[in-house]
Amino acid sequence: MKLLMSDHDVELVNDNMQEFHIKFYGPKDTPYEKGVWRLHVELPDNYPYKSPSIGFVNKIYHPNIDAASGSICLDVINSTWSPLYDLLNIVEWMIPGLLKEPNGSDPLNNEAATLQLKDKDMYEQKINEYICKYATKEKYIQQFGKWNASDDTDDQEEDEDMDESEDEQLNDDNDSIELSDIEISDDDDDEDDDGEE
């Protein structure tokens with residue numbers, strides 16, 4: 001329920017609360033930030049005492065994610081799961097954390113793990129190739145047929161608000177500069193007048 005009430009785009013499978021998809025954006029300041037993925041989540045009958053099954057539907061290049069199946073090698077949803085964890089934490093903190101800091105010592109994708117350790121530039125280039133092939137907005141729509149238009153509207157409104165506030169700040173700065181110039185020039189005139197007298 002926390003997840004459904006959050007800002008995340010969640011789509012139930014056959015109106016089943018135990019199986020659903022989540023639209024997942026790559027975390028900022030990582031090579032994944034321009035990508036968008038679809039996560040498939042299944043909750044077992046005895047959830048939260050048993051961990052959920054979570055995987056990437058469209059492909060992603062990462063040492064701890066299987067490129068073919070989308071399975072995630074993450075301790076908190078495997079061996080160290082606790083009922084104290086919730087899905088919102090997994091989606092907002094744990095999976096983004098894994099993308100930011102891969103665990104090369106326990107890989108599901110050996111090629112990605114090797115590249116990440118030996119050639120970071122090539123590793124990031126490969127991530128971008130996968131994003132272009134499988135995880136752009138256009139590819140997402142092609143594969144899954146749905147895109148929540150409000151996401152784009154919100155982004156656009158934020159950009160417009162930022163532009164407006166920047167314009168206002170610039171105008172305020174210009175006004176203050178003009179006012180100070182006027183005050184300075186007035187003072188100078190008064191001094192000149194005093195000097196002439």
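Heavy atoms only: backbone and side chains are in, while hydrogens, waters and symmetry mates are out.
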J.: Measuring from I95:CD1 to I54:CD1, what's the distance to the nearest 0.5 Å?
T.: 5.0 Å
J.: What pair of heavy atoms forms the shortest contact from F56 to I65, and how long is it?
T.: CE1-CD1, 3.5 Å
J.: What heavy-atom pair brings I72 and N78 nearest, and what distance separates the two atoms?
T.: O-ND2, 3.5 Å
J.: Restricting to side chain to side chain contact (heavy atoms under 4.5 Å, CB included), what partner residues turn up for I141, sequence neighbours left out?
T.: K137, W147
J.: Do you know the tightest heavy-atom contact between L99 and Y32?
T.: O-CE1, 3.6 Å
J.: What closest approach, in Å, do P52 and L87 show between heavy atoms, and which atom pair accounts for it?
T.: CG-CD2, 3.9 Å
J.: Going by the rule ring pair (Phe, Tyr, Trp, His ring centres under 6.0 Å), which residues pair with H8 if we only count those two or more places apart in sequence or in a different chain?
T.: none
J.: According to ring-ring contact (aromatic ring centres under 6.0 Å, His included), does anything in residues 82-111 pair up with another residue at least two apart or in another chain? List the pairs.
T.: W81-Y85
J.: Using a 4.5 Å cut-off on heavy atoms from C-beta on, say whether the side chain of K23 contacts that of F144.
T.: no
J.: Could you pull out every donor-acceptor pair under 3.5 Å between side chains of residues 102-109 and any protein atom, sequence neighbours left out?
T.:
from: N103; atom 1: OD1; to: S105; atom 2: N; distance (Å): 3.2
from: N103; atom 1: OD1; to: S105; atom 2: OG; distance (Å): 2.6
from: N109; atom 1: OD1; to: E111; atom 2: N; distance (Å): 3.2
from: N109; atom 1: OD1; to: A112; atom 2: N; distance (Å): 3.0

J.: Can you list every pair that meets salt bridge (Lys or Arg N to Asp or Glu O under 4.0 Å) and has a residue in residues 67-88, with sequence neighbours left out?
T.: K2-D86
J.: Using side chain to side chain contact (heavy atoms under 4.5 Å, CB included) as the criterion, list what pairs up with K100, not counting sequence neighbours.
T.: P27, T30
J.: Can you tell me how far CD of E33 sits from CD1 of I127, rounded to the nearest 0.5 angstrom?
T.: 11.5 Å
J.: For residues 39-57, which residue pairs pass the salt bridge (Lys or Arg N to Asp or Glu O under 4.0 Å) check, not counting sequence neighbours?
T.: none
J.: Taking only residues two or more places apart in sequence, or in another chain, which ones meet Y134 in a ring pair (Phe, Tyr, Trp, His ring centres under 6.0 Å)?
T.: Y130
J.: If the plane angle is over 60° it's perpendicular, under 30° parallel, otherwise tilted; pick one for H40 and H21.
T.: tilted
J.: In chain order, what residues pass the salt bridge (Lys or Arg N to Asp or Glu O under 4.0 Å) check against E11, with sequence neighbours excluded?
T.: R38, K146
J.: Considering the options I90, V76, L74, which one meets the side-chain contact (heavy atoms from CB on, under 4.5 Å) requirement together with L98?
T.: L74
J.: Listed by chain and number, what are the side chain to side chain contact (heavy atoms under 4.5 Å, CB included) partners of T114, not counting sequence neighbours?
T.: K118
J.: Under the ring pair (Phe, Tyr, Trp, His ring centres under 6.0 Å) test, which residues partner Y47, sequence neighbours left out?
T.: none
J.: Taking only residues two or more places apart in sequence, or in another chain, which ones meet N16 in a side chain to side chain contact (heavy atoms under 4.5 Å, CB included)?
T.: Q18, E19
J.: Counting only heavy atoms not in N46, do more than 12 fall under 6.0 Å of its CG?
T.: yes
